[in-house]
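Throughout, protein chains are lettered first and strands after them, A, B, ... in sequence-line order, and every chain is numbered starting at 1.
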2 protein chains.
Amino acid sequence: MPSVVAINQRARSNEQKALRRQAVLTAAETYFLEVGFEAFSMAQLAKKTGLVKGTLYLYFKTREALFLTLYEQSLIRWSEVFISHLSGDMTSKAYAQMLYTTAMADGAFIPLLIRLEHVIEHNVAIASLIESKRVFQRQVAAIAAPTSTSLSLNAAQATEVVKTMGVLLIGATRSDQGPALDNEALPEDIQDLIGSFASEPLFVKNAVRIIEGIRAETGI
Amino acid sequence: MPSVVAINQRARSNEQKALRRQAVLTAAETYFLEVGFEAFSMAQLAKKTGLVKGTLYLYFKTREALFLTLYEQSLIRWSEVFISHLSGDMTSKAYAQMLYTTAMADGAFIPLLIRLEHVIEHNVAIASLIESKRVFQRQVAAIAAPTSTSLSLNAAQATEVVKTMGVLLIGATRSDQGPALDNEALPEDIQDLIGSFASEPLFVKNAVRIIEGIRAETGI
DNA sequence: TATATAAATAACCACTGGTCATTTATAGCT
DNA sequence: AGCTATAAATGACCAGTGGTTATTTATATA
């Protein structure tokens with residue numbers, strides 16, 4: 001009764017099935033990091049896993065269901081890293097910078113987050129969607145607690161900061177999602193324009209403005 | 001020499017071709033508003049225009065090239081409406097509210113804006129991309145000028161406000177892009193969560209924080 | 001060792017965006 | 001008025017997509 005499922009073996013126990021499912025997810029994440037969301041094909045993923053396309057649909061109802069799971073995992077993973085980097089007393093700038101750095105360091109998190117509502121949530125069972133929202137809610141709470149002490153905010157303020165940071169992160173990192181125009185054949189004015197949307201300062205500066213704005217609203 | 005191109009006629013002059021191209025764009029926008037980005041198919045669009053799929057590719061190199069043009073047109077259209085609603089002296093809240101309202105009123109603008117970098121720009125000739133960025137730059141400048149007087153900011157601050165508002169708008173309207181779960185069969189905690197991301201207050205509140213943050217940085 | 005079960009398969013489906021050799025409307029010339 | 005060169009329009013075609021399902025087959029159990 002092997003607990004590891006080799007290729008060409010069948011996953012029969014629940015444990016084996018969970019293992020195979022996770023193996024698919026791991027392969028999917030690697031493949032996703034290679035080719036991105038749009039070029040990601042289920043047939044290719046099947047080849048990478050050594051399974052066949054139809055088998056993948058035994059483990060995930062749709063392509064988007066797979067991505068939703070990938071998103072949940074990356075959200076949890078990033079949250080834990082971010083929380084572990086929060087310290088007792090931080091400036092809003094240090095906090096924002098740490099949030100940005102840890103989020104960017106997780107290659108899958110932002111690209112998945114960015115496509116959540118537009119694409120991923122549109123081809124998923126409602127039950128999965130609800131489950132995903134609950135995971136989100138739980139992670140917001142998990143981050144809000146240390147945020148409250150790090151930034152000396154009350155609980156409601158900390159929760160608002162966390163939620164708002166997510167919103168800002170999505171907007172600010174948009175420029176990183178454009179095509180890779182590695183060749184600097186772009187005219188200078190366009191390079192300047194793109195440069196003025198560099199995601200890191202865009203995020204950090206506005207995160208600070210928002211956090212300080214929330215803090216200032218204390219007594220009102 | 002008719003200047004209007006009827007169906008089953010051929011567009012030969014440049015003027016006729018431009019007209020037909022615009023007719024395709026108009027049909028595309030209507031169709032887009034009906035079915036959204038993901039369900040939009042070139043074959044269906046062909047049927048709606050009375051042309052044939054291959055003919056569409058005479059006017060647009062790719063599906064995304066069509067969407068890029070639609071985006072440019074909606075950007076210009078919205079800019080003009082927004083500018084026309086700016087007055088000499090506005091609170092940052094009134095300004096933000098007007099920006100949000102006019103942007104939402106244009107059904108195509110935000111859904112296209114949101115997909116610009118992730119999808120649209122990835123299947124378009126570099127020349128078109130550059131052209132599109134120039135249109136963007138021009139509209140930012142066109143909005144920044146009245147913004148400067150409306151909010152009593154200097155030119156650099158006004159430009160930063162305009163650019164940052166775009167970033168925030170994308171993040172804040174994300175929740176509107178989720179699947180239409182009209183049925184209130186959602187559990188209450190999920191409804192509350194979704195409610196806490198209502199795009200309008202999310203945008204307006206944080207826009208004010210950012211504008212006031214930028215204003216406060218004047219003397220530094 | 002035989003059998004029931006369900007995991008895995010492979011052929012299949014309708015569809016997609018995009019291409020291109022062929023057809024044909026028509027502007028301009030004789 | 002009729003001819004011809006041009007290029008707009010067509011439709012058949014392509015490789016690929018996400019997803020389905022009847023069939024095969026590995027394997028736990030009796």
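A donor N or O paired with an acceptor N or O is not found under 3.5 Å between the base of D/dG11 and the side-chain atoms of B/Lys53.
Listed nucleotides D/dA7, C/dA7, C/dG17 differ in distance to A/Ala11; the shortest reach to its side chain belongs to C/dA7. Nearest nucleotide to the side chain of B/Arg12, out of C/dT16, C/dT26, C/dT5: C/dT26.
Under 4.0 Å is where a charged nitrogen must lie from a carboxylate oxygen, and between A/Arg209 and B/Glu160 at least one such pair does.
Looking at residues two or more places apart in sequence or on another chain, you find no salt bridge (charged side-chain N to carboxylate O under 4.0 Å, His left out) involving B/Asp192.
Contacts between residues 55-68 of chain A and DNA chain C, defined by a heavy-atom separation under 4.0 Å, are made by A/Thr55, A/Leu58, A/Tyr59. Scanning residues 31-41 of chain B for heavy-atom distances under 4.0 Å to DNA chain C yields B/Phe40, B/Ser41.
One can place NZ of A/Lys17 at 18 Å from P of D/dA26, the figure rounded to the nearest angstrom. Rounding to whole angstrom units, CG of residue B/Asn14 and P of C/dA27 are separated by 14 Å. Atom CZ of B/Arg21 and atom C1' of D/dA8 are 16 Å apart (whole Å). Following rounding to the nearest Å, B/Leu45 (CG) and C/dG18 (C1') show an atom-to-atom distance of 14 Å. In this structure, CZ of B/Arg10 is placed 17 Å from P of D/dA5, rounded to the nearest angstrom. Rounded to an integer number of Å, the gap from CG of A/Leu51 to P of D/dG19 is 17 Å. Atom CE of A/Met42 is separated from atom C1' of C/dC13 by 17 Å (rounded to the nearest Å). Taking atom CD on A/Glu15 and atom P on D/dA28, their separation rounds to 13 Å, with Å as the unit.
Using a 4.5 Å heavy-atom threshold, the side chains of B/Glu34 and B/Gln44 count as separate. B/Val124 is not listed as a side-chain neighbour of B/Lys61, based on a closest heavy-atom distance of 4.5 Å or more. The side-chain heavy atoms of B/Val52 and B/Thr55, taken from C-beta on, include a pair separated by under 4.5 Å.
Of the possible polar contacts, none joining the B/Glu29 side chain to the B/Thr26 backbone as a donor-acceptor pair under 3.5 Å is found.
Between A/Gly54 and B/Asn123, the residue whose closest nucleotide on DNA chain C is further toward the 5' end is A/Gly54.
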Test log, rule side chain to side chain donor-acceptor pair (under 3.5 Å), inputs B/Thr173 and B/Tyr100:
CA-CA 9 Å; B/Thr173 57; B/Tyr100 177 86; over 6 Å; no

Let me see the working for B/Glu80 and B/Gln139 under side chain to side chain donor-acceptor pair (under 3.5 Å), right down to the final yes or no.
CA-CA 9 Å; B/Glu80 287 169 356; B/Gln139 296 307 309; over 6 Å; no

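Remark: A/Arg63 qualifies as a cation-pi partner of A/Phe37 under the 6.0 Å distance and 45° angle criteria applied to the six-membered ring.
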